Protein chains: 2
Amino acid sequence: MISGKVKAPAPVIRRLSTYHHLLMGLRQRQIQRISSTALAEMVEYNPVQVRKDLQLTGLVGKPKTGFLIDEMEDAIRRFMGWEAEFGAVLFGVGNLGSALLRYPWREEHGLRFIAAFDSDPARCNILVNNIPVYHTDYFATFSAEHEIHIGVVAVPASTAQKVADILVKEGIKGIWNFSHAHLKTPAHATVENAIFTQSLAILTRRLVESQVTSPGKEHS
Amino acid sequence: MISGKVKAPAPVIRRLSTYHHLLMGLRQRQIQRISSTALAEMVEYNPVQVRKDLQLTGLVGKPKTGFLIDEMEDAIRRFMGWEAEFGAVLFGVGNLGSALLRYPWREEHGLRFIAAFDSDPARCNILVNNIPVYHTDYFATFSAEHEIHIGVVAVPASTAQKVADILVKEGIKGIWNFSHAHLKTPAHATVENAIFTQSLAILTRRLVESQVTSPGKEHS
DNA sequence: TAGATTGTTAATCGATTAACAATC
DNA sequence: TAGATTGTTAATCGATTAACAATC
């Protein structure tokens, strides 16, 4: 029987990623098991929610003892596809781009940068964190010779769609977008946006909301 | 009548931030109005959703003509609190931290970095993008002399809670957390997490999901 | 056995979408 | 006026939480 995998809701995936990080810490402290209730407390979630989340990864706990930390970590890692490695390329070696290249994604998060690309010749033909930076024009050639699963877009919004088009044309299935641009891609390509500004907007709005407004200052 | 402001759902705020960026582009191209329907198409949302979102900011459109772009931009900016400026400090001047300091938040997003702090003396007493970097120990003194609305946490997860505690102690109301750590803070402090790994998890999971599994490979 | 903890089923809550009336 | 577009009310959908049974 051929079966696709269950589409997990984004909030669940985010929480699972949080558990994963927490569990790594517990494992390092030689702790072997934990109950969903205790885990829930640590992250201030509802315990039933934690159990439901874990269930989705195929984990089963034992009444009275809870879950084995090693098993949990493995299950979550498998669920995310982090046991294998995703080959990745990055476009736009600016401040953010270089910071991303320098982060150790490979250790725990299944992401391996094999190259980066930039349209500015001054930034090309160097190594950043041992990752070669080439000119954007070289990408098609490079792509034909390497297995690339993920393209990271760290260019300005104005050129982001162009980069996305190139990625799609070369058959890259996953796009991690750090630009403001709303990328239009065919259905078979997955775009995930990591846009700081949206996160900042939530923070500043919450601050605005928490300010008690003086009489008349709030419009209708 | 004293009234707090409506607590907007996070998804709405994220979408509004998307509109805001799009509208800035339209304005630059001298376009003066747009219908919610057209806007919806550009970002591939439901038009009713767009209208509901805009309503929350107090915007009213005109049947047959739509919304004025200038008005929309202003309304969204006011809604986010971006007309005023939020004074901000950053902790952890590493790769990510410096990238954040170099981004022009001030222009459009109401965020003004007034200083950064690091526990590594080698990184202190320099300027990054004209923003002074001090030693963490100096923060309490600094805080007493400046109005700080937001603290940005860009330190490793292992020291993030410590930084959060310092921020809370100095009465900072908004914390923008880029570390993996789950920060525990009193209710009067708002924490917004901008955790890349969670975003990456969604992308990799979607890729895992889209792979059709061969017989027997998918467990139960 | 008793009690803690899991797992399941049902209820609630909130966000999105659909249907339609109002208006320029 | 007719038609496009807004705004509102109701229906649907999905995610979270509550209640409780199952199990070690």
Side-chain angles (χ1 to χ4, degrees), chain A residues 5-19 23 26 31-72 75-76 79 198 201-202 205-206 209 219-220, chain B residues 5-19 23 26 31-72 75-76 79 198 201-202 205-206 209 219-220:
Chain A
K5 309 213 175 183
V6 189
K7 176 156 183 186
V12 175
I13 302 176
R14 278 199 209 94
R15 288 193 299 266
L16 282 170
S17 152
T18 305
Y19 307 149
L23 293 168
L26 294 176
I31 299 168
Q32 284 176 16
R33 48 190 131 243
I34 189 169
S35 74
S36 58
T37 322
L39 191 56
E41 243 163 62
M42 294 179 77
V43 289
E44 296 173 287
Y45 295 160
N46 181 309
V48 180
Q49 190 168 56
V50 173
R51 253 168 280 154
K52 280 251 168 95
D53 291 345
L54 295 176
Q55 253 169 56
L56 217 72
T57 68
L59 280 165
V60 284
K62 242 196 211 160
K64 226 181 133 125
T65 47
F67 296 79
L68 287 173
I69 286 177
D70 279 358
E71 275 184 18
M72 293 169 98
I76 296 176
F79 185 83
Q198 291 184 5
I202 295 174
R205 174 63 196 175
R206 295 284 172 256
E209 284 163 0
H219 75 99
S220 74
Chain B
K5 308 212 176 185
V6 188
K7 175 157 186 188
V12 175
I13 302 176
R14 278 197 210 96
R15 287 194 299 268
L16 282 170
S17 151
T18 305
Y19 307 148
L23 293 168
L26 294 176
I31 298 168
Q32 284 176 16
R33 45 189 133 244
I34 189 168
S35 73
S36 58
T37 322
L39 191 57
E41 243 163 62
M42 295 179 77
V43 289
E44 296 172 285
Y45 295 161
N46 181 308
V48 181
Q49 189 168 58
V50 173
R51 252 167 282 155
K52 280 251 168 96
D53 291 345
L54 295 176
Q55 252 168 56
L56 217 73
T57 67
L59 279 165
V60 283
K62 243 195 210 158
K64 227 179 129 127
T65 46
F67 296 78
L68 287 174
I69 287 177
D70 279 358
E71 275 184 17
M72 292 169 98
I76 296 176
F79 185 82
Q198 290 184 5
I202 295 174
R205 174 63 196 174
R206 295 283 172 256
E209 284 164 359
H219 75 100
S220 74

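Here the structure is a predicted model, which is why all the values come from computation and not from measurement. Residue numbering restarts at 1 for every chain, and letters A, B, ... go by the order of the sequence lines. Note: hydrogens, waters and symmetry copies are ignored here, and every other heavy atom, side chains too, is used.
- With sequence neighbours excluded, no residue forms a side-chain hydrogen bond (donor to acceptor under 3.5 Å, both in side chains) with B/Glu71.
- The two atoms that bring A/Ala40 and A/Asn46 nearest to each other are CB-C, 4.1 Å, heavy atoms only.
- Remark: B/Arg14 pairs with no residue by the side-chain hydrogen bond (donor to acceptor under 3.5 Å, both in side chains) rule, at least two apart or across chains.
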- Message: As a quick check of understanding, evaluate side-chain contact (heavy atoms from CB on, under 4.5 Å) for B/Arg206 and B/Glu209, giving each step before the final call.
- Response: CA-CA 5 Å; B/Arg206 295 283 172 256; B/Glu209 284 164 359; 2.8 Å; yes
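- A/Arg51 is linked by a salt bridge (charged side-chain N to carboxylate O under 4.0 Å, His left out) to nothing, counting only residues two or more places apart in sequence or in another chain.
- Computed from coordinates, the B/Leu16 CG to C/dT16 P distance equals 11 Å when rounded to whole Å.
- Residue A/Lys7 contributes atom NZ, which lies 16 Å from atom P of D/dC13 at whole-angstrom precision.
- Rounded to a whole Å, the CG atom of B/Asn46 is 12 Å from the C1' atom of C/dA19.
- For the side-chain contact (heavy atoms from CB on, under 4.5 Å) with B/Val12, the lone residue among B/Asp53, B/Thr57, B/Leu54 that qualifies is B/Asp53.
- Sorted by residue number, the list of members of residues 38-45 of chain B with any non-hydrogen atom under 4.0 Å from DNA chain D is empty.
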- Query: Does the pair B/Met72 and B/Leu39 meet the rule for a side-chain contact (heavy atoms from CB on, under 4.5 Å), with working shown?
  - Reply: CA-CA 12 Å; B/Met72 292 169 98; B/Leu39 191 57; 3.7 Å; yes
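- Taking every heavy atom of both residues into account, A/Phe67 and A/Gly61 meet most closely at CE2-N, 3.3 Å.
- Distance B/Asp53 CG to C/dG14 C1': 14 Å, rounded to the nearest Å.
- Residue A/Arg15 places at least one side-chain N or O under 4.0 Å from the OP1 or OP2 atom of D/dT16.
- For the pair A/Gln198 (side chain) and B/Ser17 (backbone), a donor-acceptor distance under 3.5 Å is absent.
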- Can you give one letter per nucleotide of nucleotides 2-9 of chain C, going 5' to 3': B for a protein heavy atom under 4.0 Å from the base, S for sugar-phosphate only, - for none? -B-BBBBB
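- Within the nucleic acid shown, A/Pro11 comes within 4.0 Å of sugar-phosphate atoms alone, with no base atom in reach, counting heavy atoms only.
- With A/Arg15 contributing its side chain and A/Ala10 its backbone, the two residues share no donor-acceptor pair below 3.5 Å.
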- Query: Tell me, what's DNA chain D's dot-bracket, Watson-Crick or G-U with both distances under 3.5 Å, | for other-strand, [ ] crossing?
  - Reply: ..||||||||||||||||||||||
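- In this structure, CE on B/Met42 lies 12.0 Å from OG1 on B/Thr18, to the nearest 0.5 angstrom.
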